[in-house]
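Indexing begins at 1, ligand by ligand and atom by atom, following the structure's order.
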Amino acid sequence: MELLYKSTRGGEEEVTASQAILQGLAKDGGLFVPNEIPKLTITPDKLSKMSYQETAYEVMRLFLTDYTEEELKHCIKSAYDDKFDTEVIAPLVKVDGVYYLELFHGATIAFKDMALSILPHLMTTAAKKNQITREIVILTATSGDTGKAALAGFADVPGTRIIVFYPKNGVSPIQEKQMVTQKGENTLVVGIKGNFDDAQSGVKAIFGDRILEEELKEAGFQFSSANSINIGRLVPQIVYYVYTWGKLLESQELTEEEKLNIVVPTGNFGNILAAYYAKQMGVPIGKLICASNANKVLYDFFQTGTYDRNRAFILTSSPSMDILISSNLERLIYRIAEADAKKDRELMEALTKDGMYKITPKMQEQLEDFCGYFATEEETKAIIRETFNDTGYVMDTHTAVAACAGKKYREETGDKTKMVIASTASPYKFTRSVMEAIDAEKYGDLGDFALVDELCTLSGVTVPKAIEEIRTAPVRHNTVCEVGQMKCVVKDFLKAE
Ligand SMILES: *Cc1c(COP(=O)(O)O)cnc(C)c1O
């Protein structure tokens, strides 16, 4: 049976999965959602014996119904290979009675690799299926993690080009080095003289430029998006929650009757929404614990039913969660509004206009699967330090926010259900914050790569290839432009060959 997708705002015809992936965002500004969430058809026993790749096929075939078995298996095989530093792809590590689901073993050592290593394959396959012969140009604005993961995913993928804009003075030194050393003839990385919002607005303006669109069409190009609103990023993220359940059954850490709680460090609400979809599919998830840093818009939302972005934007040590508009929440809003696109549109328009909206009590009742907790900067540091001192396990700042939320949840509720924490980045990606959390006096004055070596000694974890590579890698991208020049930079790059 074919599963079709429609916009949360109701202004568009139903499309196939491959069309939704090609398009990214619906034309009415809404997000694509499946008409229903399919149920897992496999027995827990069979699931428990499956590899990551087999689980991926089992889950993705139910969502991406217009891909053939051969196409999907090819995409999966090309994505989850030795780009990951472990055969199990997403290992589960038990520390102090909780399970850390390590999602950072891919090419750029953040969880974005879980979806962005397969998205390019899904997209080029979608282009073929829909007889698109033009080259696909991926435009991305990034504050650090998404840009690098998208570059790594799309580098040298035939039929695609990728252009990434980042705020020249707004990313960490390691993040910048990772991006400007990117290989691949089809890649372009540009620093802009502005902040992340400027980069994002510039990219949106290019997307909305109909004259440019026509010009590029004639030259054989069309734009697409690799950001987290693309359904082609969400579906691959469901896989690791299903896989985790299988592995917990296999190792007999969990019985078939038992539930598990999941804690997710949240920014754009993509990762936790994937866990929610996994629950709808039949994974016995109890609570979905949404962890925020000091930008606690979502915590407040789950407390009160009011989403209010009118507040100061706080820069924290978990920058990938510094966000006040969680785009993917719209998919949950649509669902709890019982697929009422009109209601969804009304609330999203209020968000644009007033920066806030309030859901109805009836909608709020349907949020009981979720609960929100947040961690302050001090609490985040403390849990990194304490966990290291007690167990020797070193976690990154984003994971620490989740660990803290999980701890607060357990203390407050007394719920002893087994708990899985989504671990979204390697500590090597945020070495400075992590090392300073462990011992600010000792490590405060060291340089970035000296800290990398100290972390290696401390944790006994080999320095990932992603970090080793950038120590000596030559800089390949040094374009810097004004915000107003972004469109020219895009046109120049596409004319170059
Ligand atoms: C992107 C990111 C997050 C937030 O994930 P969402 O899907 O946007 O909620 C958390 N941690 C890290 C390290 C990230 O890169």
Side-chain angles (χ1 to χ4, degrees), residues 31 90 100-117 119 140-153 166 171-172 174-175 178-179 196 200 226-241 262-278 288-299 301-302 316-332 370 372 374-375 380 384 395-405 421-431 433-434 464 466:
L31 309 191
Y100 288 82
L101 170 59
E102 294 189 348
L103 301 172
F104 55 75
H105 289 269
T108 77
I109 61 175
F111 99 96
K112 304 292 194 291
D113 290 324
M114 300 305 295
L116 281 165
S117 51
L119 183 67
T140 310
T142 185
S143 57
D145 282 346
T146 296
K148 178 62 189 181
L151 283 163
Y166 72 95
V171 298
S172 81
I174 290 203
Q175 283 176 319
Q178 274 191 303
M179 286 191 280
F196 171 67
Q200 178 129 40
N227 63 19
S228 73
I229 41 104
N230 195 316
I231 194 79
R233 271 188 62 178
L234 200 53
V235 172
Q237 289 178 191
I238 303 168
V239 173
Y240 44 77
Y241 293 110
I262 308 252
V263 195
V264 186
T266 297
N268 224 4
F269 211 75
N271 202 0
I272 193 166
L273 188 74
Y276 179 64
Y277 282 180
L288 293 149
I289 300 158
C290 174
S292 300
N293 65 22
N295 295 292
K296 58 182 187 59
V297 193
L298 287 165
Y299 167 80
F301 171 69
F302 286 118
T316 72
S317 60
S318 44
S320 305
M321 296 159 67
D322 290 345
I323 186 160
L324 294 178
I325 304 177
S326 298
S327 314
N328 274 296
L329 186 65
E330 181 170 349
R331 288 187 165 113
L332 180 64
F370 290 88
F374 72 96
T380 306
I384 293 175
M395 66 180 106
D396 102 288
T397 44
H398 303 75
T399 309
V401 168
C404 185
I421 293 174
S423 177
T424 49
S426 159
Y428 280 103
K429 194 147 194 177
F430 300 95
T431 323
S433 301
V434 168

Does ligand 1 have any N/O pairs with the protein under 3.5 Å, and how far apart?
residue, atom, partner, partner atom, Å
ligand 1, 7 (O), Gly270, N, 3.2
ligand 1, 7 (O), Asn271, N, 2.9
ligand 1, 8 (O), Asn268, N, 2.7
ligand 1, 9 (O), Gly267, N, 2.8
ligand 1, 9 (O), Asn268, N, 3.2
ligand 1, 9 (O), Phe269, N, 3.1
ligand 1, 11 (N), Thr424, OG1, 2.9
ligand 1, 15 (O), Lys112, NZ, 2.6
ligand 1, 15 (O), Asp145, OD2, 2.8

Legend entry - Side chains of Ile174 and Phe430 in contact at under 4.5 Å (non-hydrogen atoms):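 They are not in contact (no side-chain heavy atoms under 4.5 Å apart), so the answer is no.
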Legend entry - Side-chain heavy atoms of Phe111 within contact of Tyr240, under 4.5 Å: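 Yes - at least one pair of side-chain heavy atoms lies under 4.5 Å apart.
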Legend entry - is_close_aromatic(Phe104, Tyr428), centroid dist under 6.0 Å: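 Distance test on ring centres: not under 6.0 Å, no.
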Legend entry - Distance in Å, Leu116 CG paired with Gln237 CD, rounded so as to fall on 0.5 Å steps: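 Reported to 0.5 Å precision, the distance equals 8.5 Å.
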Legend entry - Side-chain donor or acceptor of Asn295 paired with backbone N/O of Asp322 under 3.5 Å: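 No; zero donor-acceptor contacts below 3.5 Å.
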Inset, instruction - Taking all non-hydrogen atoms of both residues into account, name the closest pair between Ala403 and Ile421 and its distance. - result: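 It is CA-CD1, 3.7 Å.
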